[in-house]
Amino acid sequence: MKFFIDTANLQQIKEAQDLGVLDGVTTNPSLMAKEGISGEENVINHYKAICSIVDGDVSAEVISTDYENIIKEGLNLAKLDDKIVVKVPMIKEGVKAIKYFSSEGIKTNCTLVFSAGQALLAAKAGATYVSPFIGRLDDISTDGLSLIEDIRLIYDNYGYETQILAASVRHAMHIIECAKIGADVMTGPLSAILTLLKHPLTDSGLAQFLADHAKAAGK
Ligand code: E4P
């Protein structure tokens, strides 16, 4: 299972990269705005900075919603770095654009996916990744993880190669359940990844080992 970090914060991206388990980064316009990044040049420079830190794929989202401009924007993003994945919303014009990008060998991430039907369309258009937002479904009392199960079943039935990128991951249990279901990738905040480290028996066990070692050394 690949681990992506869902942020545009360079410090957090560096911290995740240093941990040695990072496979990529996802961003979106809200995450870019949160870091105060605006204006075409700044946005481009920020994506370049992210690409210089990580080894894996970096999803950069288009702002346009009409076919011609999605293509224009996506081509500009794709030429920044081989790591760039053009992130396109699940709308009619977006599906057409994903089909075009896929025919040109440009990687895509179909975002804002909330149903199995949308995920099926994304796969048929040739998306590299599909991003079902499990946390946002949970927020409206709908089981986000069962959507991942449905997409896994559908993709396996037909051998679609589109990778299931479980997005809007909020906590460690989301990550573990996604891994059990067979999501190809998860993207979430650094805090969710770091929570995987935690177990009280690890902490107490280590404290005991160190205390015993110190005691023996003191003899
Ligand atoms: C997906 O790529 C999105 O950036 C993201 O996971 C959205 O998550 P949120 O619901 O926590 O904003």
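Start at 1 and go down the list; that is how both ligands and their atoms are numbered.
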Any side-chain donor-acceptor pair under 3.5 Å between T26 and T187?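 Their side chains do contain a donor-acceptor pair, which is all the 3.5 Å distance test asks for.
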
Say whether N45 and N42, considering side chains only, have a donor N or O and an acceptor N or O under 3.5 Å apart.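 The answer is no; no qualifying pair exists.
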
Classify the ring geometry between Y158 and Y160 as parallel (under 30°), tilted (30 to 60°) or perpendicular (over 60°).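 Taking Y160 first and then Y158, their aromatic rings sit tilted (interplane angle of 30° to 60°).
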
Where ligand 1 meets [X] - atom numbers and elements under 4.0 angstrom, heavy-atom basis:
| X | value |
| --- | --- |
| K87 | 1 (C), 2 (O), 3 (C), 4 (O) |
| A167 | 1 (C), 6 (O) |
| R136 | 7 (C), 9 (P), 10 (O), 12 (O) |

Counting non-hydrogen protein atoms only, what is the nearest one to atom 11 (O) of ligand 1? Give residue, atom name and distance.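 Protein heavy atom at minimum distance: R170 NE, 3.4 Å.
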
Distance from atom 5 (C) of ligand 1 to nearest protein heavy atom, with residue and atom: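 Result for atom 5 (C) of ligand 1: D6 OD2, 2.8 Å.
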
Could you note down all residue pairs passing ring-ring contact (aromatic ring centres under 6.0 Å, His included) where residues 116-152 supplies at least one of them, sequence neighbours left out?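 For residues 116-152: F4-Y129, F114-F133.
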
Give yes or no for whether the N/O distance cutoff of 3.5 Å, strictly under, is met between S168 and ligand 1.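 Right, the criterion is met.
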
Ignoring angles and geometry beyond distance, decide whether N28 reaches within less than 3.5 Å of ligand 1 through its nitrogen or oxygen atoms.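 There is such a contact, yes.
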
For the student: nearest non-hydrogen atoms of V113 and V130, plus distance: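 The pair with the smallest heavy-atom distance is CG2-CG2, 3.8 Å.
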
Determine the sole option in N28, T111, N109 for which the side chain to side chain donor-acceptor pair (under 3.5 Å) test with S131 is passed.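 Running side chain to side chain donor-acceptor pair (under 3.5 Å) over N28, T111, N109 with S131 returns exactly one hit, N109.
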
